[in-house]
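Scroll down for the structure; my scribbles are underneath it.
Side chains included, hydrogens not; waters and symmetry mates left out as well; all remaining heavy atoms used. Whatever order the structure lists ligands and atoms in, that order sets their numbers, starting from 1. Keep in mind the model is a prediction, meaning the values are calculated, not measured.
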Amino acid sequence: MLYYSLKNCKNLVSFEDAVLTGLSYDGGLYMPQYIPKLEPKFIHNLSIYDIYTISMFVIKPYIGKYIPEKFLDHIIHDTLNFSFPLKNIHDNIHVLELFHGPTLAFKDVGARFMSGCLSYFSEKLGKNVTVLVATSGDTGGAVAKGFHKKTGIEVIILYPYNGISSIQKKQITSLGDNIFALEIYGNFDDCQNMVKKAFLDQEVKKKYILTSANSINVGRWLPQMFYYFIAYKQIIVENPKELIFSVPSGNFGNLCAGMMAEKMGLPIKSFIASTNVNDTIPRFLKSEKYHPFPVKKTISNAMDISDPSNFSRIWHLYQKNIFQLRKKLFSYKFTDEETLEIIKIIWQKYKYMLDPHGAIGYLGLRQYLQQQKKIHTGSDPAIFLETAHPIKFLDHMPPFLQKKIVPNQELEAFLKKKRKIKTTSLSNDFNVFKSWLLERK
Ligand SMILES: *Cc1c(COP(=O)(O)O)cnc(C)c1O
């Protein structure tokens with residue numbers, strides 16, 4: 001399997017080079033040359049396999065000979081060493097909980113998988129690799145934890161001053177060792193722009209082998225396909241039907257991974273891209289005009305993105321055909337008021353606690369099902385993804401619920417431990433960042 005750049009399909013690279021560079025030199029995202037089909041019998045029998053076997057079947061064709069099967073198996077076991085429970089909320093509505101990993105958000109899976117691949121490649125090359133990443137909160141924590149103490153890899157994380165929650169900051173800044181945190185006096189877009197400029201800068205490139213750990217990197221993006229298979233495995237025990245997935249979306253990597261799973265043969269009827277008021281995609285589906293507005297801050301801040309990088313992959317998967325895309329993808333946006341209201345209602349009615357991101361996933365699913373008049377037991381199972389634990393967004397939760405949120409044991413231990421916060425503050429001027437990069441070590 002080779003990967004081509006979305007800017008020029010003649011620029012082909014291996015899985016190894018796609019992971020080691022992140023983005024093609026022409027600025028395009030990498031896409032696999034073809035999408036392998038899984039045997040219908042395999043999909044039908046999904047419930048009898050364990051999640052490691054399923055994930056191996058799913059990812060192996062994308063990696064081929066670049067990582068030996070034994071090592072790949074080790075990466076998969078290391079990546080998926082927590083649970084992904086599917087729970088019924090009411091009627092045919094289910095939640096897939098993706099927050100049981102070490103940093104309490106779904107990005108743990110992608111970050112851990114990518115760090116496994118990168119360690120393998122860096123050792124093979126005998127060279128150090130530097131991962132440069134801008135974060136609006138959750139990516140930074142997942143990448144810091146997933147790459148901590150991996151030999152041959154160092155990680156530099158740029159996060160916006162005053163732009164992330166206190167738990168997120170602790171997750172990014174307290175590990176030390178090969179993890180370097182930079183607090184930027186600017187917003188997430190500034191961080192992202194500084195990272196992009198560094199990738200193009202000749203002097204920086206002379207000193208470092210740089211790669212990214214955002215979902216543009218295929219090593220982080222593709223393993224997200226696992227969620228959809230793991231959900232299906234759990235639901236077909238009762239009910240072998242077509243599924244509906246609602247995905248709380250920011251950079252659209254998770255949703256696009258779901259679309260890949262569908263193209264590999266998983267029976268999925270519809271996807272719902274649920275967003276906050278940063279609604280470029282819901283507007284695009286209506287008007288076919290791609291017109292991002294400036295980013296608005298919301299309580300679901302991991303989705304405060306108005307120009308989602310992975311949408312180019314989705315648009316490409318549907319051959320830039322709006323009619324085809326509209327048959328499969330529905331998209332709705334919700335305000336902070338609607339988000340808080342539904343968190344309250346779901347708690348009062350069903351004693352289930354949503355976080356602001358999952359709440360938007362639920363709202364999108366409900367809107368879709370209401371339009372189709374399909375909220376009742378016996379209908380196609382409908383699943384929304386719960387992408388983070390509510391404690392990660394404690395300050396944004398309705399006040400009456402804040403007291404009820406209890407950290408799990410691991411988090412409690414993490415919060416109690418006195419750790420030194422290690423971070424360097426820089427202005428949002430690229431030249432300052434560049435000097436910092438060139439002068440260190
Ligand atoms: C990153 C993130 C999202 C958005 O996921 P994308 O793949 O970027 O669309 C949603 N919820 C949470 C909690 C996140 O951390």
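- Ring geometry for Y3 versus F15: interplanar angle of 30 to 60°, hence tilted.
- We find that R112 and D108 are not joined by a salt bridge, their nearest charged nitrogen and carboxylate oxygen being 4.0 Å or further apart.
- Taking the six-membered ring where tryptophan is involved, the planes of F393 and H357 are tilted, since the angle between them lies from 30° to 60°.
- Note: F42 and Y49 have tilted aromatic rings, judged against thresholds of 30 and 60 degrees for the angle between ring planes.
- Scored by the side-chain contact (heavy atoms from CB on, under 4.5 Å) test, D395 finds no partners at all (sequence neighbours excluded).
- Aromatic ring centres of F229 and F57: separated by at least 6.0 Å.
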Output block, N or O contacts of ligand 1, threshold 3.5 Å exclusive:
residue	atom	partner	partner atom	Å
ligand 1	7 (O)	G253	N	3.2
ligand 1	7 (O)	N254	N	2.9
ligand 1	8 (O)	N251	N	2.8
ligand 1	9 (O)	G250	N	2.8
ligand 1	9 (O)	N251	N	3.2
ligand 1	9 (O)	F252	N	2.8
ligand 1	11 (N)	T387	OG1	2.8
ligand 1	15 (O)	K107	NZ	2.5
ligand 1	15 (O)	D138	OD2	2.5

